[in-house]
Amino acid sequence: MKKILFATLVASFAFFNVNAQDETSYGFTEGDVYVSGSAAYNTQKVFEDKTSFFSFMPRVGFFLSDNVVLGGQVGYGFSKSESNDIDIQKINRFNVGAFGRYYNKPANQFSLFGQLSVDYLSAKDDLADISYNGFNITIAPGLSYFVSEHFALEATLGLLSFETQKDDTDDAEAVNSINSGLNFNDIGIGVVYKF
């Protein structure tokens, strides 16, 4: 619910902003460099089963032109599942990858973008002592709203992704998954600092 409220708030500011913007330069242009980051936390309990998830992903992007960004990202995630207060799964997950974005009206205070990212994944289930490796490709639309000349808020919604991973056990086969749709668990909210 907080994510929906935040997205609505950002959209409202973007469409109904009446401040004079003649003195301040909002948005992005060719040659700009920015750092951003997003974090997520989710917990769910159904009867005696509980699942918790935390992730953090910093990014660095460089504007190759007024509309196109190329960047890199690293991430960490931790998930834990338990049943009747007994841990049944603890997974640490790391990823490193590259992303590209195309911005519509990047020099404005409010702009929309499309993002394509490719990541290498490595995870380990500490309780089962099994490691996983794989990769992920995601296409996500997003929006960016500058609250000052250097700071912006951004939100993305993971609309389509493909992931494959394989564990390190004997005779293991790759597990492939395709995710699509408007799932509120796939909303990413972050802060951007433009140098």
Hphob cluster co-occupancy, I137 + I178, side-chain heavy atoms under 4.5 angstrom: yes
Within one Ile-Leu-Val-Met-Phe-Trp-Tyr cluster: I91 and F78, side-chain cutoff 4.5 Å: no
Evaluation steps, side chain to side chain contact (heavy atoms under 4.5 Å, CB included), between E154 and I189: CA-CA 6 Å; E154 70 178 15; I189 297 173; over 6 Å; no
Shared hydrophobic cluster for F94 and V118 (ILVMFWY, side-chain gaps under 4.5 Å): no
Shortest non-hydrogen contact between L157 and A140, atoms and distance: O-CB, 3.4 Å
Single-linkage hydrophobic cluster V191~V35, side-chain heavy atoms < 4.5 angstrom: yes
Electrostatic pair K90-E82, nearest N-O below 4.0 angstrom: no
Salt-bridge contact K50-D85 (side-chain N to carboxylate O under 4.0 Å): no
Results of side-chain contact (heavy atoms from CB on, under 4.5 Å) for E30 - residues two or more places apart only: D66
Distance-only side-chain donor-acceptor flag, E149 / Y26, under 3.5 Å: no
Close side-chain approach of Y41 and S52, heavy atoms under 4.5 Å: yes
Side-chain heavy-atom pair F135, E163 within 4.5 angstrom cut-off: no
Residue pair T169 / D171, side-chain donor-acceptor N/O under 3.5 Å: no
Spacing of S148 atom OG and K194 atom NZ [to the nearest 0.5 Å]: 9.0 Å
For S38, all residues meeting side-chain hydrogen bond (donor to acceptor under 3.5 Å, both in side chains), sequence neighbours excluded: none
NZ-CG distance between K124 and N133, expressed to the nearest 0.5 angstrom: 12.0 Å
Trace of the side chain to side chain contact (heavy atoms under 4.5 Å, CB included) decision for Y34 with V69: CA-CA 10 Å; Y34 72 87; V69 175; 3.8 Å; yes
ILVMFWY cluster membership beyond Y132 - transitive side-chain contacts under 4.5 angstrom: I130
Non-hydrogen side-chain atoms of N104 and N67 separated by less than 4.5 Å: no
Separation between CG of D119 and CD of Q73, rounded to the nearest 0.5 Å: 4.5 Å
Side-chain cluster (under 4.5 Å, hydrophobic types only) that V96 belongs to, other residues: V74, Y120
Set of residues satisfying ring-ring contact (aromatic ring centres under 6.0 Å, His included) with respect to Y102, sequence neighbours excluded: none
Pairwise distance CG(L70) to CG(L64) - rounded to 0.5 angstrom: 5.5 Å
D126 side chain near N92 side chain, heavy-atom distance below 4.5 Å: yes
F56: partners by side-chain contact (heavy atoms from CB on, under 4.5 Å), with sequence neighbours left out: A39, F54, P58
Within-4.5 Å side-chain heavy-atom neighbours: Q89 and D125: yes
Counterpart residues, side-chain contact (heavy atoms from CB on, under 4.5 Å), relative to A98 (two or more places apart): none
Residues that N176 engages under side-chain contact (heavy atoms from CB on, under 4.5 Å), provided they are two or more places apart: F162, T164, A174
Set of residues satisfying ring-ring contact (aromatic ring centres under 6.0 Å, His included) with respect to F47, sequence neighbours excluded: none
Validation row: V175, E173 side chains within 4.5 angstrom (heavy atoms): no
Contacts of type ring-ring contact (aromatic ring centres under 6.0 Å, His included), residue Y103, not counting sequence neighbours: F28, F63, F113
Point-to-point distance, once rounded to the nearest 0.5 Å, from OG of S79 to CZ of R93: 9.0 Å
Shared hydrophobic cluster for L112 and L116 (ILVMFWY, side-chain gaps under 4.5 Å): no
Separation between CG of N95 and OG of S55, rounded to the nearest 0.5 Å: 9.0 Å
Intermediate values then yes/no, side chain to side chain contact (heavy atoms under 4.5 Å, CB included), V192 and L153: CA-CA 6 Å; V192 174; L153 302 173; over 6 Å; no
Residues in side-chain hydrogen bond (donor to acceptor under 3.5 Å, both in side chains) contact with S81, at least two apart in sequence or another chain: none
Least distance between heavy atoms, A172 atom then K166 atom: O-CE, 3.0 Å
Any T51 side-chain heavy atom under 4.5 Å of T43 side chain: no
Any residue meeting ring-ring contact (aromatic ring centres under 6.0 Å, His included) with Y193, in chain and number order, not counting sequence neighbours: H150, F151, F195
